[in-house]
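Keep in mind that this is a model prediction, so the values were computed, not measured.
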Amino acid sequence: VQLQASGGGLVQAGDSLRLSCRVSAHPFSRYAVGWFRQAPGKEREFVSVIGRTSESTYYGDSVQGRFTISRDNAKNTVYLQMNSLKPEDTALYYCAARQGTAFTYIRYYNYWGQGTLVTVSS
């Protein structure tokens with residue numbers, strides 16, 4: 001299973017970005033996919049996760065109400081729509097996948113992408 005994250009960039013506070021995570025897995029509908037981020041000098045943290053058929057979604061407290069996760073199983077892709085971005089959202093964003101139930105804990109994810117950098121200037 002391989003994951004390719006894209007869509008990061010440099011934006012200003014208040015702007016929006018949409019990250020994409022393309023997953024080479026078949027059938028893709030067996031996999032829950034999550035987004036995690038790691039800021040410089042900090043530990044990797046949970047951002048959001050979506051269940052295999054979008055039956056469940058979860059968000060970290062710091063992004064609840066601003067970020068929306070979605071998936072298109074026909075395209076093997078998960079999206080993270082990020083609105084009202086803040087400087088504290090600056091981080092390397094990773095997508096990760098696991099077969100089965102969506103969990104918010106990093107240790108449950110077997111497959112990881114390379115990360116895409118999001119930088120939010122004030």
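- To the nearest 0.5 angstrom, E45 atom CD is 4.5 Å from R37 atom CZ.
- Expressed to the nearest 0.5 Å, how far CD of E55 lies from OG1 of T101 amounts to 8.0 Å.
- Looking at D61 and Q64, their side chains never come closer than 4.5 Å, going by heavy atoms from C-beta outward.
- Of the possible polar contacts, one joining the N73 side chain to the R52 backbone as a donor-acceptor pair under 3.5 Å is found.
- Closest approach of A5 to C95, counting heavy atoms only: CB-SG, 3.9 Å.
- To the nearest 0.5 Å, the span separating OG on S54 from CZ on R71 amounts to 6.0 Å.
- In the hydrophobic clustering of this structure, V63 does not group with L117; members are Ile, Leu, Val, Met, Phe, Trp, Tyr whose side-chain heavy atoms approach within less than 4.5 Å, directly or through other members.
- Residue V78 is grouped with residue Y111 when hydrophobic side chains (ILVMFWY) are merged at heavy-atom distances under 4.5 angstrom, including chains of intermediate members.
- Geometric assessment of R22 against the ring of F28 yields a negative cation-pi assignment under the 6.0 Å and 45° thresholds.
- The salt bridge (Lys or Arg N to Asp or Glu O under 4.0 Å) search around E88 returns none, not counting sequence neighbours.
- Residue pairs satisfying the ring-ring contact (aromatic ring centres under 6.0 Å, His included) criterion with at least one member in residues 41-80, sequence neighbours excluded, are listed as follows: F36-F46.
- The nearest pair of heavy atoms linking N83 to Q81 is OD1-NE2, 2.9 Å.
- Between the CG atom of L3 and the CD atom of Q114 there is a distance of 9.0 Å, given to the nearest 0.5 Å.
- The shortest distance between side-chain heavy atoms of L80 and S48 falls below 4.5 Å.
- Transitive grouping of hydrophobic side chains (ILVMFWY, heavy atoms separated by less than 4.5 Å) keeps Y31 and V49 in distinct clusters.
- Looking at R98 and F103, their side chains come closer than 4.5 Å, going by heavy atoms from C-beta outward.
- Taking the ring axis of Y94 as reference, the NZ or CZ atom of R44 stays within 45° of it and closer than 6.0 Å to the ring centre.
- V33 and Y105 are not part of a single hydrophobic cluster, where members link through side-chain heavy atoms under 4.5 Å apart.
- Nearest heavy atom pair, residue W35 against residue C21, reads CZ2-CB, 3.5 Å.
- Not counting sequence neighbours, the partners of R66 by the salt bridge (Lys or Arg N to Asp or Glu O under 4.0 Å) test are D89.
- A donor-acceptor pair is defined here as one N or O able to donate and one able to accept, closer than 3.5 Å; no such pair exists between the side chain of T119 and the backbone of L10.
- A chain of hydrophobic side-chain contacts below 4.5 Å, direct or via other Ile, Leu, Val, Met, Phe, Trp or Tyr residues, connects V47 to I69.
- Side-chain N or O atoms of T90 include one that pairs as donor or acceptor with a backbone N or O of V120 at under 3.5 Å.
- No donor-acceptor pair closer than 3.5 Å links the side chain of S122 to the backbone N or O of P87.
- Distance check, rounded to the nearest 0.5 Å: OG1 of T77 to CD of Q4 gives 11.0 Å.
- With hydrogens and angles disregarded, a donor-acceptor distance shorter than 3.5 Å links the side chain of N76 to the backbone of V23.
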